[in-house]
Protein chains: 2
Amino acid sequence: MRNQSIFAGLSLEELRSLGMEVQDISCLQGEVLYRVGDDARYAYTLRSGAVKLVKSLENGQEVIIRLLHRGDLLGFEGMQEAQHRHAAIALAPSELCRLDLAELQRLSERLPKVQEAIRQRWQQALQSSEDHIMELGAKRAEARLATFLLQWVEHYPQLRSLPFPLSRPDLAAFLGLSTEHVSRIMADFKRHAFIQEQRGHLEILAPQSLAGMAGKLPEHKPD
Amino acid sequence: MRNQSIFAGLSLEELRSLGMEVQDISCLQGEVLYRVGDDARYAYTLRSGAVKLVKSLENGQEVIIRLLHRGDLLGFEGMQEAQHRHAAIALAPSELCRLDLAELQRLSERLPKVQEAIRQRWQQALQSSEDHIMELGAKRAEARLATFLLQWVEHYPQLRSLPFPLSRPDLAAFLGLSTEHVSRIMADFKRHAFIQEQRGHLEILAPQSLAGMAGKLPEHKPD
DNA sequence: AGTCAAAATTGATTTTTCTCAATGCGCCTT
DNA sequence: AAGGCGCATTGAGAAAAATCAATTTTGACT
């Protein structure tokens with residue numbers, strides 16, 4: 001466990017021996033890692049738990065830009081910009097490694113491998129954002145939610161019952177819907193026995209049915 | 001003109017002298033630079049014109065993921081992945097510089113400056129994608145369109161009448177709306193004399209009114 | 001100028017989604 | 001156990017947006 005690769009194929013010890021300040025951090029559900037506009041001193045790797053990246057519109061409405069899972073990086077926009085552009089909030093109790101951005105900058109200039117790894121992650125983030133754009137731009141509510149649930153599963157392989165720390169408002173803020181609408185669709189999925197939910201845990205009973213909804217054409221004759 | 005900085009602060013000649021193969025490319029409206037799944041051999045910098053990056057859903061529905069303007073880069077996902085994940089299509093007659101990806105890879109390993117510049121651009125793309133997510137996730141059709149038009153202006157400073165090579169279906173595919181709905185809103189904007197349109201050109205008559213619709217309550221700047 | 005096809009507009013209608021309001025449930029505290 | 005609080009659910013009505021079906025406009029090509 002201790003010797004797990006943290007970042008760019010380097011273990012925690014290797015990073016430390018290269019002069020990198022790495023802090024183990026653990027945080028509670030709801031804890032704020034940083035806020036919009038905070039000076040970006042640190043970047044993080046998420047070792048366990050889940051984190052949401054949130055931005056607010058002028059009118060105060062919150063949008064979840066990205067959801068992070070074990071192994072994901074956050075706060076790396078600080079390598080280019082002085083301030084964070086999202087808020088990062090733990091959805092569940094989480095463990096992270098905190099890296100000093102200035103040192104990371106230095107390290108990345110010396111080690112091409114690190115550069116490469118960062119670019120790789122940036123690429124992943126962009127990919128996932130673009131996928132999200134497609135969801136929001138082209139799919140209806142049911143399909144968005146179905147896709148989302150199926151993707152959530154993939155982050156918890158070989159688990160029957162998945163940790164599911166998202167509230168209805170969280171889901172709504174991520175999928176671009178109202179809380180009520182999300183609630184209705186989830187109730188629908190339960191009624192059809194596609195899913196089952198209890199105390200922050202989710203079970204996908206009929207993945208193929210969800211997959212059907214996820215790819216469904218907007219025009220579909222009612223039966 | 002010839003000595004303009006192409007990329008990472010390097011002029012075309014400098015890049016060539018470093019052994020980089022740089023091709024000037026010009027293409028017509030509607031021309032396809034690459035398709036989804038094409039082997040990624042080249043990346044491009046857009047020198048003039050406009051390009052759309054398009055992805056299709058299983059059902060064939062097309063979504064415009066990003067719009068590119070003078071100075072933007074495209075095709076750089078090929079540095080990490082073997083195939084392009086979008087189609088790139090010229091919206092207007094455009095001029096580009098085509099860079100060989102393998103050589104770019106080599107160059108970026110030698111020159112940290114290039115690395116840095118690429119990361120910067122990646123960051124910009126991510127930023128713009130995230131902004132787009134906010135638009136799609138949180139705003140109504142009118143507001144999206146208003147925001148979009150105001151952003152379009154910014155790419156053509158000090159021009160009264162802006163090139164506007166987007167069809168209604170293009171706008172719809174970018175803003176996540178139906179063609180008809182876009183058409184209605186545009187008609188509305190014209191009726192209110194917020195904008196004026198003729199033959200692929202657009203004039204913003206009342207930016208502050210559009211800004212109002214876009215959802216910007218507190219601050220407005222005199223221009 | 002005249003014809004044609006593509007693109008845009010408009011209208012009527014339906015579907016989807018939101019909003020507002022009420023209610024219910026689970027969990028925590030006392 | 002009772003009360004209270006936050007979150008989730010449900011319902012009804014309103015609003016937003018999509019869909020379907022004509023037209024109308026535009027632009028390109030004779």
Side-chain angles (χ1 to χ4, degrees), chain A residues 28-30 52 57 59-64 89 91-92 135-146 148-149 164-192 195-202 213-214 216-223, chain B residues 28-30 57 59-63 91-93 135-146 148 164-192 195-202 213-215:
Chain A
L28 301 173
Q29 177 174 111
K52 59 178 174 182
L57 229 42
N59 64 22
Q61 192 179 354
E62 293 195 340
V63 176
I64 297 180
I89 300 171
L91 287 167
E135 292 291 313
L136 296 179
K139 288 190 182 175
R140 327 209 262 91
E142 286 179 336
R144 284 184 220 168
L145 194 40
F148 176 78
L149 294 175
F164 194 72
L166 294 155
S167 69
R168 294 292 183 266
D170 282 336
L171 281 170
F174 186 67
L175 299 174
L177 302 169
S178 69
T179 309
E180 295 91 335
H181 201 191
V182 169
S183 182
R184 275 183 244 275
I185 297 171
M186 287 293 276
D188 237 52
F189 284 177
K190 285 180 202 166
R191 258 189 295 277
H192 290 74
I195 65 172
Q196 188 177 317
E197 209 186 4
Q198 56 200 330
R199 290 192 277 140
H201 280 255
L202 177 79
M213 316 213 63
K216 195 161 75 174
L217 308 141
E219 62 194 289
H220 186 72
K221 301 298 178 192
D223 29 9
Chain B
L28 303 173
Q29 176 174 113
L57 229 42
N59 64 25
Q61 193 179 353
E62 292 195 341
V63 176
L91 287 166
E135 292 292 314
L136 295 179
K139 289 190 182 174
R140 319 206 265 90
E142 285 178 338
R144 283 183 221 168
L145 194 40
F148 176 78
F164 194 72
L166 293 155
S167 67
R168 294 293 183 266
D170 281 337
L171 281 170
F174 187 66
L175 299 174
L177 302 169
S178 70
T179 310
E180 294 92 334
H181 200 192
V182 169
S183 182
R184 275 182 244 274
I185 297 171
M186 288 292 277
D188 235 51
F189 285 175
K190 286 181 201 167
R191 234 168 272 133
H192 289 76
I195 66 173
Q196 187 176 316
E197 209 185 6
Q198 57 201 328
R199 291 198 266 150
H201 280 253
L202 177 78
M213 314 216 63

Between [X] ([atom1]) and [N] ([atom2]), how many Å, whole number?
{"X": "A:L171", "N": "C:dC18", "atom1": "CG", "atom2": "P", "result": "13 Å"}
{"X": "A:E180", "N": "C:dT16", "atom1": "CD", "atom2": "P", "result": "18 Å"}
{"X": "A:K190", "N": "C:dC25", "atom1": "NZ", "atom2": "C1'", "result": "12 Å"}
{"X": "A:E197", "N": "C:dC25", "atom1": "CD", "atom2": "P", "result": "16 Å"}
{"X": "B:I185", "N": "C:dT9", "atom1": "CD1", "atom2": "C1'", "result": "14 Å"}
{"X": "A:H181", "N": "D:dA17", "atom1": "NE2", "atom2": "C1'", "result": "13 Å"}
{"X": "A:L136", "N": "D:dA17", "atom1": "CG", "atom2": "C1'", "result": "16 Å"}
{"X": "A:Q198", "N": "C:dC27", "atom1": "CD", "atom2": "P", "result": "11 Å"}

> Taking the side chain of A:R140 as heavy atoms from C-beta outward, which of D:dT9, C:dT17, C:dT10 is closest to it?
Replying inline: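 Of the candidates, C:dT17 comes closest.
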
> Choosing from C:dT9, C:dT10, D:dA18, which nucleotide comes nearest the side chain of B:R168?
Replying inline: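 Nearest to the side chain of B:R168 among the choices is C:dT9.
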
> Any donor-acceptor pair under 3.5 Å joining the side chain of A:R191 to the base of D:dT9?
Replying inline: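 No, the side chain and the base share no sub-3.5 Å donor-acceptor pair.
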
> Which comes earlier along DNA chain C counting from the 5' end, the contact point of B:R184 or that of B:L166, where each point is its nearest nucleotide?
Replying inline: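 That would be B:L166.
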
>> Please compare B:P169 and A:V182 by the position of their nearest nucleotide in DNA chain C and report the one closer to 5'.
In response: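 The answer here is B:P169.
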
>> Between B:Q29 and B:P93 (side chain of the first, backbone of the second, donor and acceptor by atom type, cut-off under 3.5 Å), is there such a pair?
In response: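 Pair absent, no side-chain N/O of B:Q29 close to backbone of B:P93.
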
> Judged by atom type as modelled, is there a donor-acceptor pair below 3.5 Å linking the side chain of B:R168 to the main-chain atoms of B:T179?
Replying inline: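 A pair under 3.5 Å: no.
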
Would you indicate what [X] reaches in the nucleic acid, counting non-hydrogen atoms under 4.0 angstrom: base, sugar-phosphate, or nothing?
{"X": "B:G200", "value": "nothing"}
{"X": "B:S183", "value": "base"}
{"X": "B:S167", "value": "sugar-phosphate"}

> Can you tell me how far CG of B:L171 sits from CZ of B:F164, rounded to the nearest 0.5 angstrom?
Replying inline: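 If I round to the nearest 0.5 Å, the distance is 4.5 Å.
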
>> side chain to side chain contact (heavy atoms under 4.5 Å, CB included), that's the test. Do A:F189 and A:L145 meet it? Break it down for me.
In response: CA-CA 10 Å; A:F189 284 177; A:L145 194 40; 4.1 Å; yes

> Between B:Q61 and B:N59, what is the shortest heavy-atom contact and its length?
Replying inline: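 Nearest heavy atoms, B:Q61 then B:N59: N-OD1, 2.7 Å.
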
